[in-house]
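Below is one structure, written out as structure tokens; the observations come after it.
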Amino acid sequence: MKKRIMFILLAMLLVFPYHIGNANGSGGATSKDEVVYGSLSANGTLNELYVVNMLDVTEPGRIIDYGEYTAIRNLTDLTEIEQDEDEVQIDASSGWFYYQGNMDNQELPWDIDISYMLDGEEIQPDELAGEEGRLLLTIKTAKNERIDPDFFENYTMQISLTLNTEVISNIQAPDATIANVGKKRQLTYTVMPDSEGDIRFLADVVNFEMEGIDISAIPLSMALDNLETDEMTSEMRTLSDAIQEVNKGVSELNTGVSELNDGVQSLNSGSRQYGAGMNEIKGASSEITGASRKINESLALLNKELSGSTGEMDLSDLAQLPAGLSLIADGLDEVSSGLDELNTHYSSALSALDGTMDNIPAPNVTEEDIQQLYESGANPDTIEQLVEVNVAAQTAKGTYEQVKEAFVAVGPALEGTCGAVNEISNQLRTMASELLVAFESMEGLDGLAELEEGIGLLANNYGEFHAGLISYTDGVAQLADSYNDIATGFGEVANGTSELNNGVEELHDGTAELADSTNDLPEKMQEEIDAMREQFDKSDFEPVSFVSPKNTNVASVQFILKTEPIELEVEENITLVEEEEVSFWERLKRLFM
């Protein structure tokens, strides 16, 4: 913001001309202007200094001016100017009177140091002409403590370099105002009052040459009271409001990411419950198949023992068969109870998983949305995490949609298995009861044959049921093993959303802090402008003479300085032409030709 304000102030300096005051005098001249011309070496040391004095003469006659000059020259007419030590006596007519005074021992208000480095090595300017390489030119200006500080404290310096692009290229001058002048580039720097200058530029040079550096200094006097700041403060208010909107958007993003994180954590929790249920089913499958195998083997053995052995069987052992069938039925009841409890846990886990999957929003984020988010200035790492989490969440949602039908089918299958086991248990109990009644009422081998036929039919039917149960439990085991990978993926997604949630919270804290600090940005800018206005308002500055404190009614003093150019020496080839001898009459004749 300070750089922007400084730019506006400097732009106004170029728009509004500096003010020349009119001092009230009592002599023949009402005011005096001084233009100080200085010739500097290429490294900034002063070689020559002279002053052009301009007197506004309102009454003709003798005018006395002051200055310690080594030589004086009338620039207006041929009238001789008299000098007595530091007193200059002038007989002037009305109007502007100009004269020049040379000064040998005077110093400038600024210490100017110009240095050159070629390819990282310091080089003297007289050795630089014609060289090639990467040039670093540095100009430093500082206060000359031996001179009246009014000039340093109230004058703006403008430093201009004119560079020929035929020998200078790849110019890097970030602090300069660059203008194209044909094949040349003009670099202009400004040093504000009461400030030290540190000017640098880099360039590639070939067969190097450079014109002299122009340095001018004038009093800073701008129309600061009329400085319009409404537009700037309005823009700052727009910026402040935009930052508030960004903070609001990040706040909504934070809320959304927090909800996403909660949903993913619920998804991960439901996934763990579901995985545990699947592993429990897998573990119980061996018990179910083991019990079913025993039932199948018992029925087969019973059928074998009864088959074709009615004539030889000891009927006294059959009395134990109803009790054995009841014991088998009791075991099946326990299996059925376990399957029912397993189905309850499975249904709960599946419901949690399904609800969590539904909470994941549909994939409606486009590449343009992501690009706009990157361009918004948000933390790129946070955005990257957000994109990864979104991809992982959509992948999990898609995977679940593909296997959801298989998950849903598990519950009815468990219910069917539980019902089948209950039916078998009931049939066994019915069979045991009927056997008991049959044993009590049967007469001889006819009842036994009927029992043998019933046991054979039961053994064959149960064998088919047992084979189907084995296939089902194998499928459940494969599903449980496969789901472990899905559960691991859900865990990684949950960790990612947790980190994303923390990152967005930090981003929100940062935008909230930025919004708080910029809420009064227009007011702060106005305060800064007022402070700079106070710093650079030199409206109360009264010009003083550079050449002598005895001079009064000084309207303005300006400095125009220029360094020596850096250029190649040109060898002059002088050809002597012998003059033809011409006679007097020939020369007379040529006068009329």
Side-chain angles (χ1 to χ4, degrees), residues 1-15 38-45 108 110-143 152 155-218 220 375 377 380 528 532 536 559-568:
M1 184 174 65
K2 289 184 177 179
K3 287 186 177 180
R4 184 177 181 184
I5 297 171
M6 179 68 72
F7 175 79
I8 295 172
L9 292 175
L10 293 178
M12 293 185 65
L13 177 61
L14 299 177
V15 175
S39 173
L40 309 179
S41 68
N43 57 19
T45 57
L108 292 171
W110 301 270
D111 288 330
I112 300 175
D113 179 68
I114 306 174
S115 59
Y116 307 82
M117 295 187 71
L118 188 65
D119 293 332
E121 299 291 336
E122 187 172 357
I123 185 172
Q124 294 302 317
D126 56 358
E127 301 173 353
L128 191 55
E131 293 296 324
E132 175 181 350
R134 187 66 171 167
L135 174 66
L136 169 63
L137 189 149
T138 303
I139 304 174
K140 293 184 177 182
T141 63
K143 179 181 179 181
F152 179 80
Y155 276 57
T156 298
M157 295 185 68
Q158 189 174 68
I159 302 174
S160 299
L161 300 90
T162 301
L163 309 177
N164 187 348
T165 56
E166 293 183 350
V167 299
I168 301 177
S169 60
N170 298 327
I171 300 171
Q172 296 181 13
D175 297 327
T177 301
I178 302 179
N180 294 325
V181 184
K183 294 183 179 180
K184 298 181 180 181
R185 299 287 185 273
Q186 190 173 62
L187 277 57
T188 303
Y189 299 86
T190 301
V191 181
M192 297 302 289
D194 205 14
S195 302
E196 295 184 349
D198 190 355
I199 296 167
R200 302 166 185 265
F201 85 87
L202 275 168
D204 292 329
V205 299
V206 177
N207 199 24
F208 179 69
E209 286 187 300
M210 186 178 71
E211 298 179 17
I213 301 172
D214 294 307
I215 304 174
S216 61
I218 59 175
L220 176 64
E375 295 174 354
E528 192 69 29
M532 295 187 69
F536 295 115
F559 293 84
I560 299 177
L561 313 174
K562 191 177 185 68
T563 67
E564 298 172 343
I566 298 177
E567 54 189 2
L568 294 170

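In this text, all values refer to a predicted model and were calculated from it rather than measured experimentally. One-based numbering along the sequence shown.
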Working to the nearest 0.5 angstrom, can you tell me the gap between F152 CZ and W110 CH2? 9.0 Å
Starting at CD1 of I114, measure out to CD of E564 and round the result to the nearest 0.5 Å. 10.5 Å
Verdict with reasoning, V181 to T162, per side-chain contact (heavy atoms from CB on, under 4.5 Å): CA-CA 9 Å; V181 184; T162 301; over 6 Å; no
Minimum side-chain heavy-atom gap T45-D113 below 4.5 Å: no
Please identify each residue that fulfils side chain to side chain donor-acceptor pair (under 3.5 Å) with Q186, with sequence neighbours left out. none
Please tell me if the side chains of T188 and I159 come closer than 4.5 Å, counting only heavy atoms from C-beta onward. no
Can you give the donor-acceptor pairs under 3.5 Å from side chains of residues 206-218 to other protein atoms, not counting sequence neighbours?
residue : atom : partner : partner atom : Å
E209    : OE2  : L568    : N            : 2.8
E211    : OE2  : K184    : NZ           : 2.5
D214    : OD1  : K562    : NZ           : 2.8
D214    : OD2  : K562    : NZ           : 3.4

Can you find a heavy atom in the side chain of T165 that is under 4.5 Å from one in the side chain of I168? no
Can you check side-chain contact (heavy atoms from CB on, under 4.5 Å) on T177 and T190, steps first, answer last? CA-CA 9 Å; T177 301; T190 301; over 6 Å; no
For E166, does its backbone N or O pair with a side-chain atom of N164 as donor and acceptor, under 3.5 Å? yes
Atom pair OH/CZ of Y189 and R200 - distance to nearest 0.5 Å: 11.0 Å
For the residue pair L108 and L40, establish whether any side-chain heavy-atom pair is separated by less than 4.5 Å. yes
Which donor-acceptor pairs under 3.5 Å do side chains of residues 116-143 form with protein atoms, sequence neighbours excluded?
residue : atom : partner : partner atom : Å
Y116    : OH   : A42     : O            : 2.6
D119    : OD1  : R134    : N            : 2.8
R134    : NH1  : N170    : O            : 3.2
R134    : NH1  : D204    : OD1          : 3.0
T141    : OG1  : G197    : N            : 3.0

